[in-house]
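Notes to accompany the following structure.
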Amino acid sequence: MTDRRLGVCYYPEHWPEDRWPEDAARMARAGIGVVRIGEFAWSRLEPSPGDFRFDWLDRAMDTLGRAGLSVVLGTPSATPPRWMLDLYPDMVPVDAAGRPRGFGSRRHYDFAHAGYRAEAARMAERLARRYGRHGALAAWQTDNEYGCHDTTQAFGPVAARAFRDWLAARYGSVEALNAAWGNVFWSMEYQDFAQIAPPNLTVTEPNPAHAMDWHRFASDQVVAFNRAQVAAIRAHSDRPILHNYMGRITDFDHWQVGADLDIATWDSYPIGFLSDRLEADPDHKRRFLRQGDPDFQAFHHDLYRGVGRGRWWVMEQQPGPVNWAPWNPAPLPGMVRLWTWEAFAHGAEVVSYFRWRQAPFAQEQMHAGLLRPDGAPAPALAEVETVAAELSALDPGAPVRGDVAIVFDYASAWATKIQPQGADFDYFRLVFDTYRAFRRAGLSVDVIGPETADLSPWALVAMPGLFTLSPALGAALARVAAQPSDAAAPTRILAGPRTNWRTPDFAIPEPLPPALPGLDLRVARVESLPPSAPVPVRGGGALLRWFEHLEGTATVTLATADGAPAAVESGAITYLAGWPDEALFDRLVAGLAARQGLRTSAMPDGLRRRRTAAGDVLLNYAPEPREHAGRTVPAAGVLLPGT
Amino acid sequence: MTDRRLGVCYYPEHWPEDRWPEDAARMARAGIGVVRIGEFAWSRLEPSPGDFRFDWLDRAMDTLGRAGLSVVLGTPSATPPRWMLDLYPDMVPVDAAGRPRGFGSRRHYDFAHAGYRAEAARMAERLARRYGRHGALAAWQTDNEYGCHDTTQAFGPVAARAFRDWLAARYGSVEALNAAWGNVFWSMEYQDFAQIAPPNLTVTEPNPAHAMDWHRFASDQVVAFNRAQVAAIRAHSDRPILHNYMGRITDFDHWQVGADLDIATWDSYPIGFLSDRLEADPDHKRRFLRQGDPDFQAFHHDLYRGVGRGRWWVMEQQPGPVNWAPWNPAPLPGMVRLWTWEAFAHGAEVVSYFRWRQAPFAQEQMHAGLLRPDGAPAPALAEVETVAAELSALDPGAPVRGDVAIVFDYASAWATKIQPQGADFDYFRLVFDTYRAFRRAGLSVDVIGPETADLSPWALVAMPGLFTLSPALGAALARVAAQPSDAAAPTRILAGPRTNWRTPDFAIPEPLPPALPGLDLRVARVESLPPSAPVPVRGGGALLRWFEHLEGTATVTLATADGAPAAVESGAITYLAGWPDEALFDRLVAGLAARQGLRTSAMPDGLRRRRTAAGDVLLNYAPEPREHAGRTVPAAGVLLPGT
Amino acid sequence: MTDRRLGVCYYPEHWPEDRWPEDAARMARAGIGVVRIGEFAWSRLEPSPGDFRFDWLDRAMDTLGRAGLSVVLGTPSATPPRWMLDLYPDMVPVDAAGRPRGFGSRRHYDFAHAGYRAEAARMAERLARRYGRHGALAAWQTDNEYGCHDTTQAFGPVAARAFRDWLAARYGSVEALNAAWGNVFWSMEYQDFAQIAPPNLTVTEPNPAHAMDWHRFASDQVVAFNRAQVAAIRAHSDRPILHNYMGRITDFDHWQVGADLDIATWDSYPIGFLSDRLEADPDHKRRFLRQGDPDFQAFHHDLYRGVGRGRWWVMEQQPGPVNWAPWNPAPLPGMVRLWTWEAFAHGAEVVSYFRWRQAPFAQEQMHAGLLRPDGAPAPALAEVETVAAELSALDPGAPVRGDVAIVFDYASAWATKIQPQGADFDYFRLVFDTYRAFRRAGLSVDVIGPETADLSPWALVAMPGLFTLSPALGAALARVAAQPSDAAAPTRILAGPRTNWRTPDFAIPEPLPPALPGLDLRVARVESLPPSAPVPVRGGGALLRWFEHLEGTATVTLATADGAPAAVESGAITYLAGWPDEALFDRLVAGLAARQGLRTSAMPDGLRRRRTAAGDVLLNYAPEPREHAGRTVPAAGVLLPGT
């Protein structure tokens, strides 16, 4: 693994120029090799329209390069300068309540705005022409955290026009659209594409087909916006291009954006995410307050390894308290090292900390860096230096194929948000609960996309909540179903609940779902259930939130206390009638893994393992030591293979 | 009861025409006699302005008629087609936050919009002319669920203009309005009606008199909108006209709308209502999750029997899981039969299920029908067939007068919403708690309107929370008060708390409330109380939420632990100083019923009885069998008289 | 204390003129000497533009004067009449969501609107010219409850223009503003003041420096609005001018408004505030439901004594249930007397009840007065008469200097709201928790402003959460630090957490906070903590919500269970690393007070004492009797010195 490197995010424009060489030298001394710069600097690169000021960036690049650092240069499109709004007053996003949002923070643009899209590409092109072959340049970053602050969707006239064009291109005729959406239902039929609006502010819920196309359209705008910059850069630079995704953002399709890029990166804030973006019981949140959830980071590592087709980084790694979660405690000593090694264990090429020095001004002044605002080292810096030293000595090896895979599909997240049917049914959460169950069993997981055409690399593939089957995945499933359907099926599928539940037009298919190959099974009726009404399953555990009444000839392998099917099986496919609780998930995973000959182990609370080429990496998120396989992992500690 | 029939809601426009005959035949075979159609079909009846297409409806009516089915034809005004908004861009409702709501669902119109009101009447007239004497036509339905999705009130310029005209008509001069509202209070005096706006978006709360007139105005718009259609239909048809009200909608006056109609119907979704529209403790919600609340349906049955002056139906009966509540479980086996028989026991002429076949597309694709989306029978169908068979064999008899009556008044709901004084004081809930207490005692109840002119038919009449006394009701009360005031008063009144608490102009009357005939009583002071501070009553039970300090010479019949009056009595009138909890309500009802010689019985949890001409119908909402009068009622079961 | 008087709020315009003499006589008989009138009467004083009608006010003043009553006359600017909006349609406030708010209640104006500001001053001038030397006139009140109903800030074009002018005046150049705000951060740099908008509706949080200037600007508009009226009045009248502030309103600077006035008054609604404006555990809220919080009133008394530079009143004293809190119970018998005496014990000149007679109409019809709406005495009247009798017999003496002082600073409240960093960090609450700790120890407290230039009068001064040190306070602190730093320091400081935490430009200072004189201390890192994660302190108690990692040579006087500094000391300054819970606060206060030789006593729950020139006044907020120093204070009772 020659490419494992540490990085940091740096803002030369925030500091006096005479501090740059000293900062660069200190970074290098800490073992940092990669520095990301530039992604918010538009007002300094072009203070007024056409007045480009690259001199300071030239000097910054040179200074960093001279210190032996490689640079990731960000396009500054997440922060259009104020004058841009004078050129394009309608570029600001209009929110779902119909309010144009203002200048004064960031991400104040509508992805569908053609004028701004061209400006952003133009700036990317200028940067690429100037720095595309700079010796210090390692890679490009497009924009910053697409979709953050709920910005994927805008609801103003600009987006409305683009949506109509998008619909016209998709359906050809308004009659086809009416038929596809089922607009006869409430006399919602259109006579002309010009009559169609975004689905916000309807009197009651809009047609789910309307809402689904709106989600697709909005996601496509992100893809197109990114693609315009990628094209502009590729014309002048041979360096890889990446984007830094944010955790648990599901409103655009990362697989599709990722297809245009060379590397996927994400911004990993374990403690902020625990407080802000994780459903968990209060005791869990209290226990992991200063460590983050033991599976949340790993899930995203595995997701972005998939999105990046093997190449992925952590672009922003939390190094201390942040400023944006409801509460912002400090990491337990050791956690910065643990998070870093966990990323490497999952195959990251680079782990880059956000940020070098805490800014004393503006919005993120309470966001810790590796240096304090007064320039003294923050606690994380010593852990970074430890990792840097360990990096040269220890090698978790190249990333390895997971024992099991989970399909993660953004369209399914949209569809479930549009039609949850139960107030607490969330697609991400369903997939993540499945992921956690695999992790509690000590398994290493790959996260794969909905267009995956070959499932044979994995002994077990889960696909809960999948909105619809792509032709590719359908064909792959058919091949799995065609395996000799005995106990020795090389690949086994764990489907359900809500797998292949709608047509692409958001209609209930006929025959009824799930219509999986080789499985005689129909979901005859669906119930959503409040937390007070779990469905107990014989032998232990229960189904939560959701219960499908199953019909067909597939073998019942688990039954509810009332004798209804809780899981059925036919050939290599197991289908679940509901959302298992932890106990039931553990039973299921243990049973399936045993049949597939997978090496499992019931991991103690907080302890996780990730298989690498060099052996298991053990990571202890618990605030107490944990035992595993005869070895003790300290609180907030890591055991690397061969140590 | 020759007219007890089963019905179903059907959407021929949703299905290929060649399926219609088969559907009709299957309905008839199931014992269904009534089919409601057409209420959302405007875009198919008039795809563009003036382009009427009745051919398909002709064929649908004929097909259904040929199968022996009677048709209820709905006017499609709940779903104006998209082109209507091009004609009348200002017809869309503006919400209380000032936002025009868009096309793409239903009910996207402002009741006060004269142009759309005329269009809706015009369409009703076209339908009435064509089908008004069609052999298959049983009745007309106007629109669909007035007020659903919070659409009774709109706050835009159209409504504002109409409100000003309404005020000018009510008050004659702006000086009279200023005086009636007490606008001197905060210099809120107007010089001209043109200066008056709807009461939304004031800086702090508006004048309650302003808000009350706004509620009256909005309710009147619904009445006028409905009346326009009724007039259009009556000109060309002799069939009865009805509307399908929705559960627990109180923002327009159903008594007034009902006065223009021949039959009242309502849409009964017991499981959805339990989850979405009922305050109850979590244990109650868990126990009745798959059955619905044991009293919620009965209350509405009794209400709409009153609104329909004896003639009432269930137009939409829930047959399985729905799509719109926070959680949507399936009914316990037996409940569809139970709900149906309960409606008949309360005197329904027709119980009609929503809907025939689950639609695979658009907003309600998760709403169960009698058929599944693939056309197979859903579980409810067998229960419907059971009821159909029982209908011919069993007869609960004609509806009978209730043992007791409760006054239910929409203006009181508005007044209490405008001035709750305590955060959890809700008029519907107060009335419903009173209703439940009667039901727990095994009593049969009539719900009567605020204009009731004769109370003598009932041994006991409750009127909690009544905003003001109408002249008619006041005269009826005076006659009750003039009864020989001994223990044998034929009619006894249970008033309070908050009975006759304001003048029609929303001022505190002088003398102070309640000012009931023959009752020397003044509410000297009022306290609203949080849930943590009930007022215990000597002998058991407590007052909740509300406590009135009573003054006067009426006899104290219940006292608080501190010795203050909790209930007083004079002649035939008992007045309550607060909102009784269950225990106190049960004491009160038992005592009053005993004095009035009513036959009571403490009903076991979940079991309810309704007196019919043929004897008691027993309905068991509990998930376990229940005993009553030596007989066992199965879980989710019904015992009919003579069985 | 010759000036202790009782007062009442009266609205002659609400009642028939023939009732005025009788009302005035009844007031005088009850011992009331002061009557406030006029503050909402604009529509009666000027029914249309320029049409002044002072005749009725002349007669009202004369009637009251003849009864021996002194009058406080309010300027009616809180209720601009409807015609004013025709003159200035843009005077209505635009809320943070961008919605213009409407007419129909009160406070419907934007403080920054120059036209309305002039109109309000013009009306004040007309009143001052006519009544400025009237024999019955005791004082003027400007407007009513500035800031109530969240009206300090308006976000429309009028305010935006004024904000730009304010910024231009503050910064001189847009470059200076960009530098001060750190606008380089996200390319937020402006080229022209004209580009700057209020900080609402940004996509994510605005720059805190932007938000802080917005708060300063908005506060300055209140100051300027008030100053315009003060100037208009002073030109024609020699009577003192006051304003009635509302409880727990922190969004404008009361010290600055107060500097232009002669007397500070506030509106004291103990029971409403407990329900509506106090964070407390449910048991506390239940225990004090009918009494109010034992410290909330006292804090405001001490605050407004400071704001009024010694001269202060209660302008509106709650006399019974109000109409605006979530729940509105009645006071325990005795509480009206207790609240009144508590105000006098803290030095009030006047305690005035709101209102004379309960209005039967409009928004406040459920707000109790001293008379009921039917004119009969409400329960409070007898308590008022008791106090009136006691007033002549008992004298708590002139106000005395507090044992200790707390700095209260509005800018700190704004800064903490802008950057709470933890979801439950609130500046008022931090200061109030400190205040309560002093009161639990039986200490009398002064509340002092951020410009206090001399701390030597107090043995102990707390300054938690102080955003920044003013030059004056900094110099005072330096003098404290220069005291001989032994145990006998005459003044001791309790600082932290979050003291002097930012520069005036809202940047992290360098050296790091707190940078207090004589204290070698840096806050190296900050954690905000959820309620589930307190930091235990050795010896008892814990830090909540907030924990600062302290660095430096100051002596550690308290340590966390993990051994980190919880409090440090150097010379006369103690600095706290977090927000103490009650137990820790009690330890701290007991220790510091003992060192300073202060007379403390652990007050029983609900019992409070206030030192006066005549001795201690004991006030029992508990619903049971309490013992103190060998004496028993009845439930809801008062013990006055010498009784």
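Protein chains get the first letters and strands the later ones, always in sequence-line order, with residue 1 at the start of each.
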> Which bit of B:Pro100 comes within less than 4.5 Å of chain A, counting heavy atoms only: side chain, backbone, both or neither?
Replying inline: backbone

>> Heavy-atom cut-off 4.5 Å, strictly under: side chain, backbone, both or neither for A:Trp186 against chain B?
In response: both

>> Applying salt bridge (Lys or Arg N to Asp or Glu O under 4.0 Å), can you list everything that pairs with B:Arg99, at least two apart in sequence or on another chain?
In response: B:Asp95

>> I'd like to know if the side chain of A:Ser528 and the backbone of B:Asn328 have a donor-acceptor N/O pair within less than 3.5 Å.
In response: yes

>> Need one label for A:Ala524: side chain, backbone, both or neither, based on atoms under 4.5 Å from any heavy atom in chain B.
In response: both

>> What part of B:Arg107 gets within 4.5 angstrom of chain A, counting heavy atoms only: side chain, backbone, both, or neither?
In response: both

> Which atoms of B:Pro93 come close to chain A, meaning under 4.5 Å heavy atom to heavy atom: side chain ones, backbone ones, both, or neither?
Replying inline: side chain

> Is it the side chain or the backbone of B:Ala41 that comes within 4.5 Å of chain A heavy atoms, both, or neither?
Replying inline: backbone

>> Counting only heavy atoms from other residues, nucleotides and ligands, does the tally under 6.0 Å from CG of A:Asp520 exceed 12?
In response: yes

> Measuring heavy-atom distances to chain B, does A:Ala97 have an atom under 4.5 Å in its side chain, in its backbone, in both, or in neither?
Replying inline: both

>> Please identify, among B:Val92, B:Asn323, B:Leu45, the residue contributing the most non-hydrogen atom pairs under 4.5 Å to chain A.
In response: B:Asn323

>> Distance check, rounded to the nearest 0.5 Å: B:Trp327 atom CH2 versus A:Arg545 atom CZ?
In response: 9.5 Å

>> At a 4.5 Å cut-off on heavy atoms, which part of B:Asp150 comes close to chain A: side chain, backbone, both, or neither?
In response: neither

>> Checking an interface table here. Which of residues 270-280 of chain B come within a heavy-atom distance under 4.5 Å of chain A?
In response: none

> What closest approach, in Å, do A:Ala533 and B:Leu289 show between heavy atoms, and which atom pair accounts for it?
Replying inline: CB-CD2, 3.3 Å

> Do any N or O atoms from the side chain of A:Thr202 and from the backbone of B:Gly104 form a donor-acceptor pair under 3.5 angstrom?
Replying inline: no

>> Suppose we screen for side-chain hydrogen bond (donor to acceptor under 3.5 Å, both in side chains). Which residues come up paired with A:Asp409, at least two apart in sequence or across chains?
In response: A:Ser412

>> Please classify the contact between A:Gln421 and chain B as side chain, backbone, both or neither, with a heavy-atom cut-off of under 4.5 Å.
In response: both

> Would you find a donor on one side and an acceptor on the other, under 3.5 Å apart, between the side chain of B:Arg82 and the backbone of A:Gln195?
Replying inline: yes

> Which atoms of A:Leu512 come close to chain B, meaning under 4.5 Å heavy atom to heavy atom: side chain ones, backbone ones, both, or neither?
Replying inline: side chain

> Nearest heavy-atom pair of A:Gln191 and B:Pro47: which atoms, and what distance?
Replying inline: NE2-O, 3.5 Å

>> Less than 4.5 Å to any heavy atom of chain B: does that hold for the side chain of A:Glu205, its backbone, both, or neither?
In response: both

> Which residue pairs satisfy the salt bridge (Lys or Arg N to Asp or Glu O under 4.0 Å) criterion with at least one member in residues 160-188 of chain A, sequence neighbours excluded?
Replying inline: A:Arg170-A:Asp213

>> Is A:Asp424 in contact with chain B via its backbone, its side chain, both, or neither, using a 4.5 Å heavy-atom distance?
In response: both

> Which atoms of B:Glu364 come close to chain A, meaning under 4.5 Å heavy atom to heavy atom: side chain ones, backbone ones, both, or neither?
Replying inline: both

>> Please classify the contact of B:Tyr11 with chain A as side chain, backbone, both or neither, using a heavy-atom distance under 4.5 Å.
In response: neither

>> If I measure from the heavy atoms of chain B, does A:Pro530 come under 4.5 Å with its side chain, its backbone, both, or neither?
In response: both

